[in-house]
Amino acid sequence: MKPPAFIDSVKLFVSAGRGGNGVISLHRTKYNLRGEPDGGDGGRGGDVILRADRNEYSLLPLFYAPHPRAENGGHGSSRRMHGANGKPLVVRLACGTQVVDAATGEVLGDLVEDGSELLVARGGEGGLGNWRWKRPNRPPPPEGHERGAPGAERTLRLELKLISDIGLVGYPNAGKSSLLCAISHAHPKVAAYPFTTLNPTIGTVLFDDYSTATVADVPGLVKGAHEGVGLGHNFLRHIERTTFLLYVVDMAGTDGRDPVEDYESVSSEVKLHRRELAERPFLVVANKMDLPAAPERLAEFVERTGERPIPVSAETGAGVEALKAELCARFRSRQA
Ligand SMILES: Nc1nc2c(ncn2[C@@H]2O[C@H](COP(=O)(O)OP(=O)(O)OP(=O)(O)O)[C@@H](O)[C@H]2O)c(=O)[nH]1
Ligand SMILES: [Mg+2]
């Protein structure tokens, strides 16, 4: 089986380190043959910490190593020596990962900013050595020392939601990847069959005023995607964090499709995925305007939907600059 290239959801079983044991030891001298308790305490077990790292692209490394385990604390030793504390284990994740407790469904955190951290499993405390009971003012435990406490263990569900400013959505073959190629330097795969894009791709658009925006291209959506038709709408989680949606419509109606129907089914799938996406600002792009059937279809589209799509051809580049200018203006107005 071909190994996956991109993973955006994994189950992770994390174990923090166990605390080291306190020990029993007696320090004897020629004047004190009975000895004096001097067993040291155990060290703390290491914590498991998740950290967002902008150099990570997907959750793939965790798919292959789903059981991170932090170091145990060292045991104490004679002369009241404290055991070494276990090193915390820092697990690096792609920025935009949501951490959910798999048992309760509670969202533990959202690691969006590079370097943000979340402690998910605390290491066990070290046990006390017998020097703590040097003076019998409190009774020692039955064993004469304490064992280290076990570290916390937890099953987590990690879901990566890519961080980008603009999300491209549309029917398969509408030309989303072609449009991303036309407006950025990204090179997603483009081909004349549906579901060419299998993993989300992010490109950066440079506007005329030298500001930039990131654009996410996700796999195409078909009617019933929320019920798992096609590739389903799982990939829509990658546009949840965008501030802007770009609906790409194949205005030439290639393969006998109806642009209005495509647009309506895609926008209803987006809304079925998450209600709040319905309120997200959007622009409609009429793609494939170089094909002869397109202008007539565009007029019909405007009449039937009331939208004002921006006509472009990702293939020839016509209208792409106008689209970038419109995106830049909308973007700047949101940032102002
Ligand atoms: N004539 C013409 N063809 C286009 C245009 N844009 C895209 N195409 C063609 O349409 C086909 C599909 O393009 P893609 O960019 O792969 O479409 P997509 O929306 O990313 O498709 P999926 O990834 O499968 O969802 C390819 O054969 C492109 O060459 C355009 O503006 N004009
Ligand atoms: Mg594509």
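Positions are given from 1, in the same order as the sequence printed here. Please read these numbers as outputs of a predicted model, since none were measured by experiment. Numbering of ligands and ligand atoms starts at 1, following listing order.
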Specify the protein heavy atom at minimum distance from [atom]: its residue, its atom name, and the distance to 0.1 Å.
{"atom": "atom 20 (O) of ligand 1", "value": "Ser177 OG, 2.8 Å"}
{"atom": "atom 6 (N) of ligand 1", "value": "Asn287 ND2, 3.2 Å"}
{"atom": "atom 29 (O) of ligand 1", "value": "Glu315 OE1, 3.4 Å"}
{"atom": "atom 21 (O) of ligand 1", "value": "Asn173 N, 3.0 Å"}
{"atom": "atom 25 (O) of ligand 1", "value": "Lys176 NZ, 2.9 Å"}
{"atom": "atom 31 (O) of ligand 1", "value": "Ala314 N, 2.9 Å"}
{"atom": "atom 17 (O) of ligand 1", "value": "Gly175 N, 3.2 Å"}
{"atom": "atom 8 (N) of ligand 1", "value": "Lys288 CE, 3.7 Å"}

Exercise. Identify which of Ser313, Cys181, Gly170, Ser178 has a heavy atom lying nearest to atom 15 (O) of ligand 1.
Key: Ser178
Quiz prompt | Shortest heavy-atom approach to atom 2 (C) of ligand 1 - which of Asp290, Val320, Val312, Leu179 | solution = Asp290
Quiz prompt | Polar protein atoms near the Mg ion (ligand 2) [N, O or S; cut-off under 2.8 Å] | solution = Ser177 OG, Thr197 OG1
Pairs of nitrogen or oxygen atoms closer than 3.5 Å, one from [X] and one from ligand 1: do any exist?
{"X": "Lys189", "result": "no"}
{"X": "Phe195", "result": "yes"}
{"X": "Asp217", "result": "no"}

Going from [atom1] on [X] to [atom2] on [Y], what distance comes out if it is rounded to the nearest 0.5 angstrom?
{"X": "Glu315", "Y": "Leu291", "atom1": "CD", "atom2": "CG", "value": "8.0 Å"}
{"X": "Asn85", "Y": "Glu125", "atom1": "CG", "atom2": "CD", "value": "9.0 Å"}
{"X": "Glu279", "Y": "Lys271", "atom1": "CD", "atom2": "NZ", "value": "9.5 Å"}
{"X": "Thr201", "Y": "Lys176", "atom1": "OG1", "atom2": "NZ", "value": "11.0 Å"}
{"X": "His145", "Y": "Ser25", "atom1": "NE2", "atom2": "OG", "value": "12.0 Å"}

Whether [Y] and [X] form a salt bridge (side-chain N of Lys/Arg under 4.0 Å from carboxylate O of Asp/Glu) is what I want to check.
{"X": "Arg330", "Y": "Glu326", "result": "yes"}
{"X": "Arg257", "Y": "Glu261", "result": "no"}
{"X": "Glu36", "Y": "Lys134", "result": "yes"}
{"X": "Asp101", "Y": "Arg154", "result": "yes"}

Practice problem: Using the side chain to side chain donor-acceptor pair (under 3.5 Å) rule, take Glu307 and Tyr263 through it: C-alpha gap first, then chi angles, then the decisive distance, then the call. | Solution: CA-CA 11 Å; Glu307 301 291 351; Tyr263 170 64; 3.2 Å; yes
Hey, which atoms in ligand 1 end up nearer than 4.0 Å to a heavy atom of [X]?
{"X": "Ala174", "value": "19 (O)"}
{"X": "Ala191", "value": "11 (C), 12 (C), 13 (O), 16 (O), 26 (C), 27 (O)"}
{"X": "Pro194", "value": "24 (O)"}
{"X": "Tyr193", "value": "24 (O)"}
{"X": "Gly220", "value": "25 (O)"}

Quiz item: Checking Asn21 side chain against Arg147 main chain: does a donor-acceptor pair fall under 3.5 Å?
Solution: no
Quiz item: Can any side-chain N or O of Thr242 pair as donor or acceptor with the backbone N or O of Leu245 at less than 3.5 Å?
Solution: no
Exercise. Taking atom CD of Glu303 as the centre, report whether more than 12 heavy atoms of other residues, nucleotides or ligands fall under 6.0 Å from it.
Key: no
Exercise. Check whether any side-chain heavy atom of Thr305 lies under 4.5 Å from a side-chain heavy atom of Glu264, and answer yes or no.
Key: yes
Quiz item: With under 30° as parallel and over 60° as perpendicular, where do the rings of His67 and Phe13 fit, or are they tilted in between?
Solution: perpendicular
[X] contact mode with ligand 1 (heavy-atom cut-off under 4.0 Å):
{"X": "Pro188", "value": "neither"}
{"X": "Val190", "value": "both"}
{"X": "Leu291", "value": "side chain"}

Exercise. Test Leu111 against every option in Leu160, Leu93, Asp53 by the side chain to side chain contact (heavy atoms under 4.5 Å, CB included) rule and name the one that passes.
Key: Leu93
